[in-house]
Amino acid sequence: MQTIAVVDYGMGNLRSVVNALQVVADDRDQVILTSDPAQVLEADRIVFPGQGAAGDCMRAIDEYGLRESITVAAQQRPFLGICMGLQVLIEHSEENQGTACLGIFKGQVKYFGDGHKDQSGVKLKVPHMGWNRVTQIQSHPLWHSIADGSRFYFVHSYYLEVEAPDLVAGITDYGFSFSSAIARDNLFALQCHPEKSADAGLQLLRNFVNWDGRP
Amino acid sequence: MSLAKRIIPCLDVDNGRVVKGVKFVEIRDAGDPVENARRYNLEGADELTFLDITASSDDRDTMVHVVEDVAREVFIPLTVGGGIRELADIRRMLNAGADKVSINTAAVFNPEFVAAAADKFGSQCIVVAVDAKRVSTQDEPGRWEIFTHGGRKPTGIDTLEWVQKMDAYGAGEILLTSMDRDGTKIGFDNELTRQVSEVVRVPVIASGGAGNLQHLADGILQGKADAVLAASIFHFGEYRISEAKAFMRARGIEVRDD
């Protein structure tokens with residue numbers, strides 16, 4: 001019996017995240033959708049999703065008074081960031097003429113660019129939308145039973161550039177290679193959407209609900 | 001490249017029942033949206049699109065329940081189209097578990113609606129559906145006009161201008177249907193698709209006219225589409241999604257098959 005808190009700060013559809021966690025969690029586990037900082041701090045594990053623009057996300061985090069509890073939880077409890085829930089962990093995003101983010105990790109979130117192309121000069125669409133491969137570049141309990149290079153569902157126009165190379169747990173190629181998963185201690189965060197990534201995604205969420213929070 | 005081209009089956013739903021659905025032998029009730037969705041998911045569909053063709057707006061709630069039921073057990077992206085006219089319609093569908101909504105007529109009558117929707121919910125969930133019909137003659141360079149009401153009403157709007165406008169207004173994706181080809185099974189209008197795909201930044205889904213697997217591959221290779229949507233060729237068990245993927249892979253198209 002454990003409580004899994006999905007942080008709801010009004011950014012995007014969280015129904016699928018909750019649905020997917022309910023499918024993989026034990027029947028006795030409680031999956032709660034919450035905006036309450038105290039509930040976030042009390043939960044056994046935290047899922048931090050998010051969609052939309054970085055500026056809106058940061059504003060919403062502060063409006064709900066969640067900044068401190070997210071920062072604390074991200075350092076203490078098994079913590080899973082998804083999509084914007086990954087990007088806002090970094091210092092700064094280029095989105096919305098520059099947005100200061102939570103700054104838990106050093107790095108930048110950058111725009112793919114309107115003239116984005118692959119190595120052979122073929123135009124690449126932005127947003128990067130659809131199923132792409134995630135190459136696992138460090139072994140991690142959250143990759144358990146997921147084949148290296150499995151495809152996950154992505155939808156984003158900004159990507160992560162972290163300073164510490166040892167933070168990167170997975171990379172994906174879209175014109176160039178970017179960090180699609182990061183991991184440190186009790187925290188794991190993904191650019192893609194495990195809740196929309198069929199079997200591989202459900203396996204990752206299953207790994208998360210059973211994770212002891214150690215790398 | 002490592003981003004896969006997507007295959008998206010489209011299911012027409014009338015008052016909560018799939019009316020143009022699959023005829024899988026394993027399915028007990030061919031009209032059940034959840035059974036159809038589950039089956040397509042098992043076969044490797046990359047996304048699912050549900051088109052609500054319910055005539056009466058009083059029955060829209062039924063679609064909300066369909067989305068809720070499907071989203072509880074099928075974990076791939078779900079798009080819902082049909083009758084999306086207000087921000088409240090979008091919110092309801094997203095809350096029910098849809099990942100994207102497709103806006104068609106409402107965008108034509110009020111382009112600002114697309115901007116407002118993208119601003120409110122994010123471009124990632126706003127698909128603009130475009131019904132285009134060729135208005136140029138055989139000898140002229142291609143020109144396509146936007147039509148509404150199932151291809152019956154011309155709007156005078158040029159398709160290439162329109163899709164760029166929708167891109168600028170915040171559409172996250174364009175669902176492009178050729179009204180000349182829709183239902184014909186003679187293949188997508190690849191010239192139209194290619195021109196649209198070249199002028200927008202966002203992904204383009206080709207729709208209207210797919211009658212066999214070669215058509216799907218052509219939509220990607222000639223039409224430069226990022227995804228192909230098909231209804232009838234997957235219905236009645238004519239082709240399986242898995243066959244379509246194997247066919248496309250054999251032609252050098254990257255697909256999700258793992």
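Below, chain A is the first sequence line, B the second, and so on; all start at residue 1. Because the structure is a prediction, the values reported are computed rather than measured.
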A.B. asks: Is it the side chain or the backbone of A/S16 that comes within 4.5 Å of chain B heavy atoms, both, or neither?
C.D. replies: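 For A/S16, heavy atoms of backbone and side chain both lie under 4.5 Å from chain B.
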A.B. asks: Evaluate whether atom NZ of A/K123 has more than 12 neighbouring non-hydrogen atoms of other residues, nucleotides or ligands under 6.0 angstrom away.
C.D. replies: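 Atom NZ in A/K123 is crowded, with more than 12 foreign heavy atoms closer than 6.0 Å.
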A.B. asks: What option among B/P77, B/G172, B/A227 has the most heavy-atom pairs under 4.5 Å with chain A?
C.D. replies: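 Looking at each option in turn, the highest pair count goes to B/P77.
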A.B. asks: With a 4.5 angstrom heavy-atom cut-off, could you sort out which part of B/R201 is near chain A: side chain, backbone, both or neither?
C.D. replies: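 Its backbone and side chain both get close to chain A.
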A.B. asks: Work out which heavy atom in B/R256 is nearest to a heavy atom in A/A198; give both atom names and the distance.
C.D. replies: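 Reported closest heavy-atom pair: NH1-CB, 3.9 Å.
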A.B. asks: With a 4.5 angstrom heavy-atom cut-off, which part of A/A53 approaches chain B: side chain, backbone, both or neither?
C.D. replies: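 For A/A53, there is no contact with chain B at all, as no heavy atom is under 4.5 Å.
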A.B. asks: Go through the atoms of B/A98 and report whether side chain, backbone, both or neither lie under 4.5 Å from a heavy atom of chain A.
C.D. replies: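 For B/A98, the contact with chain A is made by the backbone alone.
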A.B. asks: For the interface with chain A, which of B/N41, B/V200, B/V204 has the highest count of heavy-atom pairs at distances below 4.5 Å?
C.D. replies: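 Top option by heavy-atom pairs under 4.5 Å: B/V200.
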A.B. asks: Considering all heavy atoms of both residues, which atom of B/E254 and which atom of A/R151 are nearest to each other, and what is their separation?
C.D. replies: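 So the two residues come closest at OE2-NH2, 2.8 Å.
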A.B. asks: Using modelled atom types and a 3.5 Å cut-off, is there a donor and acceptor pairing between side-chain atoms of B/S2 and backbone atoms of A/D173?
C.D. replies: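 It does hold such a pair.
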A.B. asks: List the atom of A/N132, the atom of B/L3, and the distance in Å for their closest heavy-atom pair.
C.D. replies: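 Minimum heavy-atom contact is OD1-N, 3.6 Å.
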A.B. asks: Below 4.5 Å from any heavy atom of chain A, which atoms of B/S197 appear? Answer side chain, backbone, both or neither.
C.D. replies: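 Looking at B/S197, backbone and side chain both touch chain A.
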A.B. asks: If you count heavy-atom pairs within less than 4.5 Å of chain B, which of A/V126, A/V155, A/T172 leads?
C.D. replies: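 Of the options given, most contacts go to A/V126.
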A.B. asks: Give me the atom names and distance for the closest heavy-atom approach of A/K196 to B/V74.
C.D. replies: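 Shortest heavy-atom separation between A/K196 and B/V74 comes out as NZ-O, 4.3 Å.
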A.B. asks: Within the distance-only criterion (no hydrogens, no angle test), does the side chain of A/K125 pair as donor or acceptor with the backbone N or O of B/E173 below 3.5 angstrom?
C.D. replies: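 Looks like no, no N/O pair under 3.5 Å.
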A.B. asks: Can you name the nearest heavy-atom pair linking B/P203 to A/P127, along with the distance?
C.D. replies: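 What the structure gives for the nearest pair is CG-O, 3.8 Å.
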A.B. asks: Relative to chain B, which segment of A/H193 carries a heavy atom at a distance below 4.5 Å: side chain, backbone, both, or neither?
C.D. replies: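 Neither part.
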A.B. asks: Which region of B/E198, side chain (C-beta onward) or backbone (N, CA, C, O), has a non-hydrogen atom less than 4.5 Å from a non-hydrogen atom of chain A, or is it both or neither?
C.D. replies: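 Contact with chain A: backbone only.
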A.B. asks: Begin from the C-alpha positions of A/V23 and B/F75 and carry the test side chain to side chain contact (heavy atoms under 4.5 Å, CB included) through to its verdict.
C.D. replies: CA-CA 10 Å; A/V23 165; B/F75 297 101; 3.7 Å; yes
A.B. asks: Which atoms of B/A96 come close to chain A, meaning under 4.5 Å heavy atom to heavy atom: side chain ones, backbone ones, both, or neither?
C.D. replies: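 The backbone, not the side chain.
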A.B. asks: Atom CD of B/E47 and atom CH2 of A/W131: how far apart are they, to the nearest 0.5 Å?
C.D. replies: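 With rounding to 0.5 Å, CD (B/E47) is 8.5 Å from CH2 (A/W131).
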A.B. asks: Quick check on B/N95 against chain A: is it the side chain, the backbone, both or neither that has a heavy atom closer than 4.5 Å?
C.D. replies: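 Answer is backbone: N, CA, C or O of B/N95 sit under 4.5 Å from chain A.
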A.B. asks: Is A/R15 close to B/E68 at the side-chain level, that is, under 4.5 Å between some pair of heavy atoms?
C.D. replies: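 SC-SC contact between B/E68 and A/R15 confirmed.
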A.B. asks: Quick one, B/K100 with A/M129, criterion side chain to side chain contact (heavy atoms under 4.5 Å, CB included). Give me CA distance, side-chain angles, the key distance, then yes/no.
C.D. replies: CA-CA 12 Å; B/K100 312 180 201 179; A/M129 183 187 285; 3.4 Å; yes
